[in-house]
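What follows is a single structure, written as structure tokens, with notes after it.
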Amino acid sequence: MSAQSLMEPDYTDWIGRQDTREGGVTPNLAAMLNAAVSHDLSPMHHIAPGMVLPSLWHWVAFNEFVPMSDIGRDGHPALGGFLPPLPFRRRMWAGGDVRFDGQFHVGEKLTKLSTIRAVTMKEGSTGKMAFVTVDHVTTGAQGGVVEEEQNIVYLDMPKSFRPPKQTPVPERLAYDERVPMNEVRLFRYSAATYNAHRIHYDLPYAQQVEKYPALVVHGPMQATMAIEAAERHTGKTPVRFSYRVVHPLFHDSDMRVVGALDPAGGAIDIGTATFEGYFGLKARMEWDTGARPSGERVT
Ligand SMILES: C/C(=C\C(=O)SCCNC(=O)CCNC(=O)[C@H](O)C(C)(C)COP(=O)(O)OP(=O)(O)OC[C@H]1O[C@@H](n2cnc3c(N)ncnc32)[C@H](O)[C@@H]1OP(=O)(O)O)C(=O)O
């Protein structure tokens with residue numbers, strides 16, 4: 001046995017694994033997502049075939065329909081299929097970096113190539129964790145391309161809730177909106193994404209097994225709402241969206257969607273937040289100013 005395997009499992013065999021999927025967002029699926037993410041300040045779209053897909057709605061285009069026998073205890077497909085069999089059982093959507101080139105449309109055929117880029121063990125304030133970085137390239141039949149890095153984190157089941165540190169929201173904001181959060185919105189987003197992760201709808205499981213105080217608000221839903229507000233307030237079309245979900249948000253408190261314009265222009269720092277004043281998701285949206293998108297990441 002090598003020294004490496006005595007220390008920690010080696011996942012190098014998983015790096016470079018690929019998965020290709022075909023999908024798309026039908027009018028019916030778009031309507032489901034529309035109803036999940038809309039609110040008073042972001043009214044529902046009139047969905048019709050050919051409508052330009054709002055940013056990040058392609059995340060519902062490749063919903064997975066795995067047999068019940070392949071589902072793990074948490075409601076996600078069990079590890080060891082496309083993703084490596086990590087020794088951690090608590091999954092969270094941690095963040096990503098999305099680059100947009102062109103647009104997708106309702107009803108358009110989309111193809112996604114996913115590649116496992118890295119498995120990185122870390123130790124944070126909440127304990128040991130493994131980040132899985134997956135690169136996705138989504139291509140539309142009409143020429144749009146979205147390239148993204150997705151980071152999923154796996155952690156131990158805690159004995160009690162250990163919140164990560166709080167990142168304060170700046171006082172000077174360009175906008176600060178209140179979005180009603182509740183079980184119904186979480187259920188609707190889970191349904192539209194066919195995401196059976198129990199932390200989003202099964203309160204006894206969320207509290208007793210994963211030890212959250214309440215149901216957990218989906219990271220991708222927060223991202224979808226944050227970028228929608230940024231586009232509405234700036235009137236700009238994003239070329240890049242980088243984000244981290246830095247603290248879990250819960251279904252029993254309304255969510256803030258906030259933004260602070262970068263005085264240098266070309267970007268806005270955005271996020272979701274609690275009414276106690278800290279970020280859930282912390283992100284940056286950049287738009288085309290003629291220059292290349294920056295190499296800056298949200299940390
Ligand atoms: C859908 C879906 C699932 C979900 O939607 S789950 C809900 C959405 N996700 C969340 O609510 C995650 C909330 N975030 C956290 O709970 C914490 O940020 C987290 C991920 C537990 C980490 O907190 P820690 O305090 O333990 O970590 P540190 O800040 O001490 O950092 C340790 C190292 O990790 C790096 N790191 C931290 N956060 C991220 C991140 N979001 N993305 C990438 N890397 C991250 C950090 O830089 C440190 O690295 P060093 O190299 O400096 O050690 C579904 O499942 O489908």
Side-chain angles (χ1 to χ4, degrees), residues 33 36-37 56 59-60 62-64 66 71-79 81-83 86 88-98 114 117-136 148-158 160-167 181 185-202 205-206 209-226 241-251 253 255 271-274 278-284 297-299:
L33 184 59
V37 298
L56 305 180
W59 282 344
V60 304
F62 305 96
N63 290 346
E64 280 187 83
V66 306
I71 292 290
R73 185 184 185 200
D74 67 353
H76 262 298
L79 287 174
F82 177 58
L83 296 177
L86 297 159
F88 302 105
R89 293 285 164 262
R90 186 161 64 98
R91 168 183 160 129
M92 297 189 106
W93 183 294
D97 194 356
V98 187
S114 303
R117 175 143 59 88
V119 179
T120 315
M121 302 293 172
K122 295 205 170 180
E123 180 129 18
S125 70
T126 58
K128 286 187 192 305
M129 60 191 89
F131 286 91
V132 182
T133 304
V134 187
D135 289 339
H136 305 283
E148 62 191 282
E149 168 189 309
Q150 180 196 11
N151 290 304
I152 309 162
V153 65
Y154 289 87
L155 304 108
D156 275 328
M157 288 297 174
S160 59
F161 180 52
R162 248 175 103 180
K165 63 181 176 302
Q166 299 178 353
T167 309
M181 197 50 68
R185 192 183 292 284
L186 266 59
F187 167 81
R188 285 177 160 209
Y189 192 81
S190 290
T193 52
Y194 210 71
N195 179 340
H197 198 174
R198 294 167 69 183
I199 61 171
H200 304 302
Y201 61 86
D202 181 343
Y205 172 86
V209 179
E210 300 211 13
K211 301 287 193 283
Y212 294 112
L215 297 173
V216 180
V217 179
H218 313 74
M221 180 165 75
Q222 295 178 47
T224 305
M225 291 176 150
F241 174 71
S242 54
Y243 67 100
R244 271 190 185 196
V245 198
V246 294
H247 199 290
L249 298 184
F250 300 106
H251 82 279
S253 302
M255 184 174 88
T272 60
T274 64
Y278 56 88
F279 280 107
L281 169 137
K282 194 166 176 287
R284 185 170 175 85
R297 300 172 143 279
V298 170
T299 52

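Starting from 1, each residue takes its place in the sequence as its number. Note that ligands are numbered from 1 as they come in the structure, with each ligand's atoms numbered from 1 the same way.
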### Task
Distance to 0.1 Å, residue and atom name: give those for the protein heavy atom nearest to atom 56 (O) of ligand 1.
Arg91 NH2, 2.9 Å
### Message
For Asn195, which part has a heavy atom under 4.0 Å from ligand 1: side chain, backbone, both, or neither?
### Response
side chain
### Residue and atom name of the nearest protein heavy atom (relative to atom 46 (C) of ligand 1), distance in Å to one decimal
Arg244 NH1, 3.8 Å
### Message
If you measure every N or O of Ile199 against every N or O of ligand 1, does any of those distances drop under 3.5 Å?
### Response
no
### Summary
Residue set satisfying side-chain contact (heavy atoms from CB on, under 4.5 Å) with Val209, at least two apart, ordered chain then number -> Arg73, Met157, Tyr205
### Summary
Lys165 heavy atoms within 4.0 Å reach ligand 1 at atoms 29 (O)
### Query
Which atoms of ligand 1 have any heavy atom of Gly124 under 4.0 Å away?
26 (O), 27 (O), 30 (O), 32 (C)
### Task
Answer with side chain, backbone, both or neither: which part of Gln222 has a heavy atom less than 4.0 angstrom from an atom of ligand 1?
neither
### Query
Nearest protein heavy atom to atom 20 (C) of ligand 1, by residue and atom, and its distance?
Val153 CG1, 3.9 Å
### Message
For a quick check under 3.5 Å, do Ser190 and His218 share a side-chain donor-acceptor pair by atom type?
### Response
yes
### Task
Say whether His247 and Gln166, considering side chains only, have a donor N or O and an acceptor N or O under 3.5 Å apart.
no
### Message
I'd like to check whether His218 has a polar contact with ligand 1, where a contact means an N/O of the residue lying under 3.5 Å from an N/O of the ligand.
### Response
no
### Task
Using modelled atom types only, decide if a donor and an acceptor are shared between the side chain of Glu210 and the backbone of Arg90 within a distance under 3.5 Å.
no
### Message
For the 3.5 Å polar cut-off, considering only N or O atoms, please tell me whether Lys122 and ligand 1 meet it.
### Response
yes
### Query
At under 4.0 Å between heavy atoms, which part of Pro163 makes contact with ligand 1: side chain, backbone, both or neither?
neither
### Message
Is there a polar contact, in the sense of an N or O pair closer than 3.5 Å, between Met129 and ligand 1?
### Response
no
### Residue and atom name of the nearest protein heavy atom (relative to atom 24 (P) of ligand 1), distance in Å to one decimal
Ser125 OG, 3.6 Å
### Message
I want to know if ligand 1 touches Val246 in the polar sense, i.e. an N/O pair below 3.5 angstrom.
### Response
yes
### Message
Among all protein heavy atoms in this structure, tell me which lies nearest to atom 9 (N) of ligand 1, with the distance rounded to 0.1 Å.
### Response
Trp93 O, 2.9 Å
### Query
Hey, looking at atom 34 (O) of ligand 1, which of Tyr243, Phe131, Tyr212 has the closest heavy atom?
Phe131
### Task
Looking only at distances, please establish whether an N/O atom of ligand 1 is found under 3.5 Å from an N/O atom of Thr126.
yes
### Query
Is any heavy atom of the protein nearer than 4.0 Å to atom 37 (C) of ligand 1?
yes
### Query
For Asn151 and Thr133, does a side-chain donor sit closer than 3.5 Å to a side-chain acceptor?
yes
#### Entry: Contacting atoms of ligand 1, where contact means under 4.0 angstrom from a heavy atom of Pro248
11 (O), 13 (C), 16 (O)
